[in-house]
Amino acid sequence: MTQIATVEKILRDGRAEISVARQSACAHDCHECAGCGGTVAPVRAVAVNPIHAQTGQKVIVQSETKQIFGVILLVYMLPLVLFFLGWFAAGALGGEGARAAVAILAFFCGIVPAVAYDRKVKRAGGMTFTIVRLF
């Protein structure tokens, strides 16, 4: 996945602190939509800087697509799949209330690995970005 970022600070060992606009499904064409009225908050991250970009420059950064798809599967799909598994597995318990309770519990059990993975990624320094060229 490639994104546009701004180099905020040069760090040691060939890395740079960058700010990347948060990606969303919203096109932020607010005068056309007038939906959320939200602003795009930048995300700060550390990127490998093999091209020696300088502070203030706009750059193209690339992140590992495989890693992003893994996060998407973990955060969105696992809780959803566990919800439905809980719903259908609890069918033998009887009433709709019991099914809903088991499904909701299974959903929250699916969130636990996502939170654990998020903490692991933060300890490891976040997602890996590489500056590939100037913008």
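Note that the coordinates shown come from a computational prediction; the quantities given were computed from them, not determined experimentally.
Side-chain heavy atoms closer than 4.5 Å link hydrophobic residues (I, L, V, M, F, W, Y) into clusters, and following such links, possibly through other members, connects Val7 to Ile51. Residues Tyr76 and Leu80 fall into different hydrophobic clusters, defined by Ile, Leu, Val, Met, Phe, Trp and Tyr side chains chained together at heavy-atom separations under 4.5 Å. Follow the hydrophobic side-chain contacts under 4.5 Å out from Phe83 and you never reach Val102; the two are in separate clusters.
Smallest separation of non-hydrogen atoms from Ala53 and Val59: CB-CG1, 3.8 Å. Closest non-hydrogen pair, Lys58 versus Thr6, comes out as NZ-OG1, 3.1 Å. Taking each heavy atom of Gln57 and Leu134 in turn, the nearest pair found is OE1-CD2, 3.5 Å. Across every non-hydrogen atom of Ala90 and Ala98, the tightest pair is CB-O, 4.4 Å. Closest of all the heavy-atom pairs between Pro42 and Ser19 is CB-CB, 4.2 Å.
Considering CZ of Arg15 and CD1 of Ile10, their distance stands at 11.5 Å, rounded to 0.5 Å. With rounding to the nearest 0.5 angstrom, the CD atom of Glu8 is 4.0 Å from the CZ atom of Arg44. Atom-to-atom distance recorded for Ile4:CD1 and Phe135:CZ is 3.5 Å, nearest 0.5 angstrom. Rounded to the nearest 0.5 Å, atoms CD1 (Ile131) and CG (Asn49) are 4.0 Å apart. Rounding to the nearest 0.5 Å gives a distance of 10.0 Å between SG of Cys109 and CG of Leu78.
In this structure the side chain of Val46 never reaches within 4.5 angstrom of the side chain of Ile18, judged on heavy atoms.
Under 3.5 Å, the side chains of Gln62 and Thr130 contain no donor-acceptor pair of N or O atoms.
Looking at Arg99, its side chain does come within 3.5 Å of a backbone N or O of Trp87 through a donor-acceptor pair.
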